Amino acid sequence: MSLEGARPDGPEAAAARLRLALDLFETGVRIMRQRLLRQHPGLTPGEIDERLDRWLLERPGAEFGDSPGRPGPWPRR
């Protein structure tokens, strides 16, 4: 995926950034699945899926998001 020739604030660049973000998300999920398979070789595929789902929902260490600081109300005033 290339942003060459695309305006940095244009729709093509925004679409490319979104595709990249989605690809990175999918890659992270695949990596975590492999990690769970290595750590727990005796689990069934369904149990691995359950742990992966739990990880996606709870994300230990990022319970309030990925940014530093205190959680705040949304939408902001």
Side-chain angles (χ1 to χ4, degrees):
M1 159 181 14
S2 172
L3 294 177
E4 262 184 63
R7 287 182 30 190
D9 60 344
E12 296 87 10
R17 287 191 303 271
L18 177 59
R19 284 190 298 273
L20 178 60
L22 294 173
D23 183 50
L24 289 170
F25 172 81
E26 290 173 10
T27 299
V29 170
R30 284 194 303 270
I31 289 170
M32 186 59 174
R33 180 181 300 280
Q34 289 301 312
R35 178 180 178 194
L36 289 170
L37 287 167
R38 278 193 314 277
Q39 289 178 336
H40 309 283
L43 293 181
T44 67
E47 291 168 326
I48 292 292
D49 287 342
E50 286 175 18
R51 288 186 183 221
L52 186 60
D53 289 345
R54 195 171 334 128
W55 175 74
L56 285 167
L57 292 172
E58 296 172 4
R59 300 197 26 243
E63 292 83 0
F64 301 111
D66 295 327
S67 298
R70 296 187 326 242
W74 191 257
R76 298 191 191 253
R77 293 180 185 192

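If you're wondering where the values come from, they're calculated on a predicted model, not measured in any experiment.
- In terms of the salt bridge (Lys or Arg N to Asp or Glu O under 4.0 Å) criterion, Arg35 has no residue partners (sequence neighbours excluded).
- In terms of the side-chain hydrogen bond (donor to acceptor under 3.5 Å, both in side chains) criterion, residue partners of Glu47 (sequence neighbours excluded) are, by chain and number, Thr44.
- To the nearest 0.5 Å, atoms CZ (Arg17) and CD (Glu12) are separated by 11.0 Å.
- For Arg30, the side-chain hydrogen bond (donor to acceptor under 3.5 Å, both in side chains) partners at least two apart in sequence or on another chain are Thr27.
- The hydrophobic cluster containing Ile48, built from Ile/Leu/Val/Met/Phe/Trp/Tyr side-chain heavy atoms closer than 4.5 Å, also comprises Phe25, Val29, Met32, Leu36, Leu37, Leu43, Leu52, Trp55, Leu56.
- Rounding to the nearest 0.5 Å places CG of Asp53 at 10.5 Å from CD of Glu58.
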